[in-house]
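See structure below.
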Amino acid sequence: MAQFQHYDPPKSGEPITLQNGKLHVPDQPIVPFIEGDGTGPDIWAASVRVFDAAVEKVYGGKRRIHWYEVYAGEKAYHKYQSWLPEDTLTALTEYIVSIKGPLTTPVGGGIRSLNVALRQELDLYVCQRPVRYFDGVPSPVKHPELVDMVIFRENSEDIYAGVEWAEGTPEVKKVVEFLKNEMGVKKIRFPETSGIGIKPVSKEGTDRLVRAAIEYALKHKRKSVTLVHKGNIMKFTEGAFKNWGYELAEREYRDKVFTWTEYDRIKEEKGQDAADAAQKAAVAEGKIIVKDVIADAFLQQILTRPAEYDVIATMNLNGDYISDALAAQVGGIGIAPGANINYVTGHAVFEATHGTAPKYAGLDKVNPGSVILSGVMMLEYMGWQEAADSITSALEKTISQKTVTYDFARLMEGAKEVKTSQFADAIIANL
Ligand SMILES: NC(=O)C1=CN([C@@H]2O[C@H](COP(=O)(O)OP(=O)(O)OC[C@H]3O[C@@H](n4cnc5c(N)ncnc54)[C@H](OP(=O)(O)O)[C@@H]3O)[C@@H](O)[C@H]2O)C=CC1
Ligand SMILES: O=C(O)CCC(=O)C(=O)O
Ligand SMILES: [Mg+2]
């Protein structure tokens with residue numbers, strides 16, 4: 001049993017464990033949660049009521065989650081003078097599955113992202129964000145129902161590694177001198193006034209991310225995995241990601257995938273008709289098509305022909321941008337869930353795609369849908385599919401009744417605008 005410096009874990013309930021590589025979830029699991037900053041407390045208070053009501057309704061008391069509050073962000077700082085107490089990392093490690101609200105990150109200085117720190121500390125290398133349309137949700141596009149994608153965002157490297165030096169510091173001068181004098185770099189336009197950041201992208205990091213995306217596509221019988229990159233410009237990071245992704249697909253999933261590199265090889269040897277025929281045959285056999293697209297083109301194509309994309313595998317920064325863009329396409333960040341997962345150790349921290357939305361903090365106003373749907377993902381991960389499904393259906397029903405928070409109400413005709421807590425009440429009534 002883990003030792004905690006300050007925290008007192010619940011006396012009732014049992015830890016979720018990993019046994020022979022499989023998650024073992026007791027009927028009374030202890031699940032740590034972080035409330036989050038800004039609108040986090042409003043959203044969490046609403047969401048936890050929905051989770052508990054669904055589990056109670058579906059399992060009639062046989063199963064219950066024993067919530068364990070752990071701290072990060074402003075609440076942790078006020079309580080323990082630490083933004084991310086060691087006890088929190090211990091709890092998230094010990095209890096394996098957890099859920100969190102958003103945490104504030106200052107821009108241009110101050111502490112580094114606690115969200116990124118959690119992902120790095122627990123090595124949660126996949127940021128998995130499903131994006132689908134719910135009937136009746138207001139959307140800025142004509143056919144939001146064509147969007148049904150699952151983003152696999154690499155979550156442990158890229159420029160999020162935080163290897164950067166500020167302009168004007170002795171450190172950045174040293175780095176610039178090294179680049180100029182020892183590496184022959186001549187193209188830093190304004191060397192005296194540059195900040196410098198480093199973008200590490202590795203073969204190992206790419207392999208495990210792309211493997212997780214392909215495994216998901218196979219398990220859920222999806223059509224394709226698209227590697228999204230900017231490899232034409234960043235050849236040895238984003239370009240290498242694309243090459244390593246294709247190599248992994250062909251090396252580890254030879255009989256289960258058809259890749260666009262294979263398509264190009266056939267085209268070169270036998271012509272385009274033969275390549276088209278080979279791809280058609282692969283689709284008919286149920287193989288996953290592994291393809292790639294340059295990130296800027298991807299961002300316009302998700303608007304013009306979203307049906308062509310399915311599972312997406314991409315690096316950290318691209319994945320961040322793509323998550324918010326796709327969320328907007330199906331009605332906004334208010335219903336965009338996510339999970340940070342290490343598929344080897346089983347560790348998973350579920351969290352919404354959005355941030356703290358500070359201007360709405362304490363107003364009981366924002367949409368709790370993203371955290372509620374992150375909880376749905378968590379219940380699915382725990383194998384509590386019935387509870388997950390009951391929440392999804394109740395959420396769908398509530399939206400179809402036009403009982404919605406401000407974000408949907410401002411775009412819907414005839415909507416009844418409700419507060420965060422009332423939206424949760426309506427979902428619970430529809431369970
Ligand atoms: N994983 C995490 O914990 C994340 C943390 N952050 C952090 O959050 C802070 C604020 O970031 P910011 O860039 O403003 O992004 P936010 O996602 O917090 O908010 C941007 C806008 O999105 C809309 N929005 C966000 N959440 C909801 C919701 N639950 N319901 C309805 N609408 C919502 C609001 O739009 P509108 O104004 O149109 O009403 C809001 O003004 C920063 O410190 C950032 O670092 C950001 C992203 C993720
Ligand atoms: O950590 C942060 O402040 C931002 C994180 C973020 O934008 C995301 O997880 O999508
Ligand atoms: Mg983001």
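Remember, it's 1-based here, ligands and their atoms both numbered in the order they're listed. Residue numbers count from 1 along this sequence.
Summary of contacts: the protein heavy atom closest to atom 40 (C) of ligand 1 is A357 CB, 4.2 Å. Looking at atom 48 (C) of ligand 1, its nearest protein heavy atom turns out to be H354 O, 3.4 Å. Of the protein's non-hydrogen atoms, the one nearest atom 9 (O) of ligand 2 is R119 NH2, 2.7 Å. Of the protein's non-hydrogen atoms, N115 ND2, 4.4 Å is the one closest to atom 4 (C) of ligand 2. Closest protein heavy atom to atom 35 (O) of ligand 1: Y406 OH, 3.8 Å. Looking from atom 1 (O) of ligand 2 to the surrounding protein, the closest heavy atom is S113 OG, 2.5 Å. Regarding atom 3 (O) of ligand 2, its nearest protein heavy-atom neighbour is T105 OG1, 2.6 Å. For atom 7 (O) of ligand 2, the nearest protein heavy atom (residue, atom name, distance) is D320 OD1, 3.2 Å.
In summary, the side chains of Q329 and Y133 do not present any donor paired with an acceptor at a separation below 3.5 Å, with no hydrogens or angles considered.
Test L209, V210, T314 against L227 for side-chain contact (heavy atoms from CB on, under 4.5 Å) and you get one pass: V210.
Here atom 14 (O) of ligand 1 lies nearest to P358 when heavy atoms of A72, A352, P358 are compared. Comparing heavy-atom distances from atom 10 (C) of ligand 1 across T356, V116, D320, T405 singles out T356 as nearest. Between G369, G355, C127, it is G355 that holds the heavy atom closest to atom 4 (C) of ligand 1. For atom 41 (O) of ligand 1, the choice among K365, R410, K359 with the nearest heavy atom turns out to be K359.
Distance CG/N243 to CZ/F236: 10.5 Å, rounded to 0.5 Å. With rounding to the nearest 0.5 Å, the separation of NZ in K291 from OH in Y246 is 9.5 Å. Note: R119 CZ to C127 SG = 5.0 Å, rounded to the nearest 0.5 Å. How far NZ of K199 is from OH of Y160: 9.5 Å, rounded to the nearest 0.5 Å. Distance check, rounded to the nearest 0.5 Å: CG of L379 to CD of Q385 gives 9.0 Å. Distance check, rounded to the nearest 0.5 Å: CE of M149 to CD of E308 gives 9.5 Å.
Contact annotation: for I333 versus ligand 1, heavy atoms closer than 4.0 Å belong to the side chain alone. Under 4.0 Å from ligand 1, heavy atoms of T105 appear from its side chain as well as its backbone. The side chain of R119, and not its backbone, has at least one atom closer than 4.0 Å to an atom of ligand 1 (non-hydrogen atoms only; side chain from C-beta on). Residue-level proximity to ligand 2 for R112 is absent, since no heavy atom of it falls below 4.0 angstrom.
Annotation: L103 places an N or O atom under 3.5 Å from an N or O atom of ligand 1; distance criterion only. Residue E351 has no nitrogen or oxygen atom sitting less than 3.5 Å from a nitrogen or oxygen atom of ligand 2, judged on distance alone. In terms of N/O distances under 3.5 Å, ligand 1 is not approached by T104. In terms of polar-atom proximity, E351 is counted as a contact of ligand 1, with an N or O under 3.5 Å from an N or O of the ligand.
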Quick one: do N430 and T398 satisfy side chain to side chain donor-acceptor pair (under 3.5 Å)? Show the steps, please.
CA-CA 7 Å; N430 280 328; T398 308; 2.9 Å; yes
Residue pair Y381, Q128: steps toward the side chain to side chain donor-acceptor pair (under 3.5 Å) verdict
CA-CA 12 Å; Y381 189 74; Q128 191 170 320; over 6 Å; no
Could you walk me through whether E157 and Y125 pass the side chain to side chain donor-acceptor pair (under 3.5 Å) check?
CA-CA 8 Å; E157 48 182 9; Y125 60 87; over 6 Å; no
Can you check side-chain contact (heavy atoms from CB on, under 4.5 Å) on W67 and V31, steps first, answer last?
CA-CA 5 Å; W67 299 105; V31 175; 3.7 Å; yes
Kindly indicate, with the supporting measurements, whether the criterion side chain to side chain donor-acceptor pair (under 3.5 Å) is fulfilled by Y7 and T88.
CA-CA 8 Å; Y7 297 178; T88 294; 2.6 Å; yes
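A salt bridge links R63 with D27: the distance from a Lys NZ or Arg NE/NH1/NH2 to an Asp or Glu carboxylate oxygen falls below 4.0 Å. For the pair D320 and R153, the salt-bridge criterion is met [side-chain N within less than 4.0 Å of a carboxylate O].
Within ligand 2, counting atoms from 1 as listed, the ones closer than 4.0 Å to a heavy atom of R153 are 8 (C), 9 (O), 10 (O). Residue N367 has at least one heavy-atom neighbour below 4.0 Å for each of these atoms of ligand 1: 28 (C), 29 (N), 30 (N), 31 (C). The N115 neighbourhood of ligand 1 comprises atoms 1 (N), 2 (C), 3 (O), 4 (C), 5 (C), with distances under 4.0 Å to a heavy atom of that residue. Residue Y360 has at least one heavy-atom neighbour below 4.0 Å for each of these atoms of ligand 1: 36 (P), 37 (O), 39 (O). Close approach of ligand 1 to P102 is summarised as follows: ligand atoms under 4.0 Å from at least one heavy atom of the residue are 3 (O).
There is no protein heavy atom closer than 4.0 angstrom to atom 20 (C) of ligand 1. Within a 4.0 Å radius of atom 37 (O) of ligand 1, the protein contributes one or more non-hydrogen atoms. For atom 32 (N) of ligand 1, a protein non-hydrogen atom is found at a distance below 4.0 Å.
Within 6.0 Å of CD in E86 there are 12 or fewer heavy atoms belonging to other residues, nucleotides or ligands. Within a 6.0 Å sphere centred on CD of Q19, heavy atoms belonging to other residues, nucleotides or ligands number more than 12. Counting heavy atoms of neighbouring residues, nucleotides and ligands inside a 6.0 Å radius, atom NZ of K11 exceeds 12 of them.
In this structure, R129 is part of the shell of residues with a heavy atom less than 4.0 angstrom from ligand 2. By the 4.0 Å heavy-atom criterion, D324 is excluded from the residues contacting ligand 1.
Aromatic pair Y321/F298: centroids not less than 6.0 angstrom apart.
Judged by a 6.0 Å distance limit and a 45° cone about the ring axis, R132 is positioned over the six-membered ring of F134.
Below the 2.8 Å limit, the Mg ion (ligand 3) has as protein N, O or S neighbours D320 OD1.
Here the side chains of H354 and I43 are in contact, with some heavy-atom distance below 4.5 Å.
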